[in-house]
Amino acid sequence: MAFIVLFPLYAVTLPASLTGGHIGWDSLRLLAPGQAVFAFCLAVLLALTLATMVLLIRHGQRASKSTGIGGALVAFFAPLLCCSPLIPLGLGALAVVFPAVAGFAPGIIQGFIATHEFEIELFAVALSFIAFWQNARKLAHGPACTIR
């Protein structure tokens with residue numbers, strides 16, 4: 001069930017760097033094959049991570065949440081931060097409290113994200129895989145798994 005929600009969400013979010021940060025069904029026409037693969041991988045891994053987390057919690061064990069959440073957030077926000085006004089607005093808000101931030105150019109961050117978007121998405125897939133692996137390992141060594 002989670003895959004059915006997550007795959008379309010990632011599929012419309014990943015091309016956001018090409019649409020100026022706009023997310024919507026019309027951005028699917030700009031979805032590249034590589035982005036579709038990333039959307040599929042991220043949706044599968046996050047759905048599996050959520051399923052293992054639910055099983056762990058049902059059996060009274062602690063689930064590894066931070067890695068999975070990190071992977072999901074990195075994959076979701078990287079395309080949005082590239083070409084939207086979120087980074088300049090965030091740096092402007094920080095400059096109110098920390099004046100030294102005012103001299104930092106938001107274009108440097110956005111340029112880095114735009115240049116290394118592929119690597120950032122690979123990092124998000126790796127984080128999602130690690131989260132699934134950690135939870136699956138806990139599940140296999142816990143009381144829920146009787147095969148050893």
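The figures that follow rest on heavy atoms only: side chains count, while hydrogens, waters and symmetry mates do not.
Closest of all the heavy-atom pairs between Ala11 and Ala39 is N-CB, 3.9 Å.
Taking CE of Met53 as the start and CZ of Arg58 as the end, the distance is 13.5 Å to the nearest 0.5 Å. One distance of note links OH of Tyr10 with SG of Cys41; it measures 11.5 Å at 0.5 Å rounding. For the atom pair CG (Leu55) and NZ (Lys138), the distance works out to 14.0 Å, reported to the nearest 0.5 Å. How far CG of Leu139 is from OG1 of Thr52: 7.0 Å, rounded to the nearest 0.5 Å. Thr49 OG1 to Leu127 CG: the interatomic distance, rounded to the nearest 0.5 Å, is 10.5 Å. Separating the CD1 atom in Ile130 from the CG atom in Asn135 is a distance of 12.0 Å, to the nearest 0.5 Å.
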Verdict with supporting geometry, Leu42 and Leu6, side chain to side chain contact (heavy atoms under 4.5 Å, CB included): CA-CA 8 Å; Leu42 288 165; Leu6 291 169; over 6 Å; no
One pair to check against side chain to side chain contact (heavy atoms under 4.5 Å, CB included): Phe3 and Leu46. What are the steps and the verdict? CA-CA 8 Å; Phe3 176 80; Leu46 195 56; over 6 Å; no
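Take Phe129 and apply the ring pair (Phe, Tyr, Trp, His ring centres under 6.0 Å) test, not counting sequence neighbours, and it matches no residue.
In this structure the side chain of Phe7 reaches within 4.5 angstrom of the side chain of Phe40, judged on heavy atoms.
With hydrogens and angles ignored, the 3.5 Å screen pairs no side-chain donor or acceptor of Gln134 with any backbone N or O of Ala131.
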